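Let me begin by presenting the structure, written as structure tokens, before commenting on it.
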Amino acid sequence: MRKPLVAGNWKMNGMRASLIELAGMARAYPAALRAKVDLVVCPPVTLLFPAVASALGSGIAIGAQDCHAKTSGAHTGDLSAAMLFDAGANAVIVGHSERRADHAETDADVKAKAAAVIAEGMTAIVCVGETRAEREAGKALAVVSAQVRASLPEGAKASNVVIAYEPVWAIGTGLTPTIQDIAEMHADIRATLGREIGKDQAAQMRILYGGSVKPQNAKEILDLADVDGALVGGASLKAVDFMAIAEAAG
Ligand code: 13P
């Protein structure tokens, strides 16, 4: 019922020459795989426009990694959701733990950004996840549930919001939670969504796992009932790795 989504987050990586990887992804995404798995690649904003051109007709959607909550105005250096949509983006990652940490973004900020994204008709990929200290203290489920409740925008539906569960300590570390811990967290997020947006929408909303997803571990994680795809950092920079993960989702 839920079509898996594999999303690539290039973070602050990628020059124009990196678009060759996107072209490689497009070549390795035939109609048969397209029918089974959605793909979105979120390059740095400098590459947004050429990435849209290079992905044209491939079925790969292009997204951004952040936006401002306002539509326009005196916010030097910031980009609005409307601008990203105008440049060809279909999705925007909001509330990534690196933004929450580096730019002190709160759940309220994330909610406002997500609202701006869906107001433009794009998909908000809303990131949540606990720190290592929170997991060790036995608070992971409570922390993530609170983040989901406080970060979801008004009008969130399965068609405009995707949740990405990314344990902070699993990002870029090669570490992942146990399969049981991932399964437990995703089921708990879906239960939280059910209370927030109703059981029907919660049953349809995609919940991605992110944090050290590689071709080697993707299948085991993606086979879990409540895991509807992956948000991939490092392994999304290479077409061969990203497409192996896409295949594992199919
Ligand atoms: P890695 O896949 O490099 O661990 O990054 C995950 C992530 O933060 C994606 O948003």
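In each ligand, atom 1 is the first atom listed, and ligand 1 is the first ligand listed. For clarity, every value in this text was computed on a predicted model and none was experimentally measured.
- Ion pairing between Lys139 and Glu134 fails under the 4.0 Å rule for side-chain N and carboxylate O.
- The distance criterion of under 3.5 Å between nitrogen or oxygen atoms is met by Glu166 with respect to ligand 1.
- Checking Thr123, Leu39, Asp38 one by one against Leu5, the side chain to side chain contact (heavy atoms under 4.5 Å, CB included) holds for a single residue, Asp38.
- Each of the atoms 1 (P), 2 (O), 4 (O) of ligand 1 lies under 4.0 Å from some heavy atom of Ser212.
- Residue-to-ligand polar distances keep Gly211 apart from ligand 1: every N/O pair is separated by 3.5 Å or more.
- Scanning all protein heavy atoms for the shortest distance to atom 3 (O) of ligand 1 gives Gly234 N, 2.8 Å.
- Among the atoms of Asn9, some N or O lies under 3.5 angstrom from an N or O of ligand 1.
- Salt-bridge formation is detected for the pair Asp181/Arg135: a Lys NZ or Arg NE/NH1/NH2 atom is positioned less than 4.0 Å from an Asp or Glu carboxylate oxygen.
- Within ligand 1, the atoms closer than 4.0 Å to a non-hydrogen atom of Leu231 are 9 (C), 10 (O), numbered from 1 in the order shown.
- Aromatic ring orientation, Tyr209 versus His186: tilted (interplanar angle from 30° to 60°).
- Under a 4.0 angstrom heavy-atom cut-off, Lys11 registers as being in contact with ligand 1.
- Any N or O atom pair closer than 3.5 Å counts here, and His96 shares at least one such pair with ligand 1.
- Ligand 1 has an N or O atom lying under 3.5 Å from an N or O atom of Gly172, backbone or side chain.
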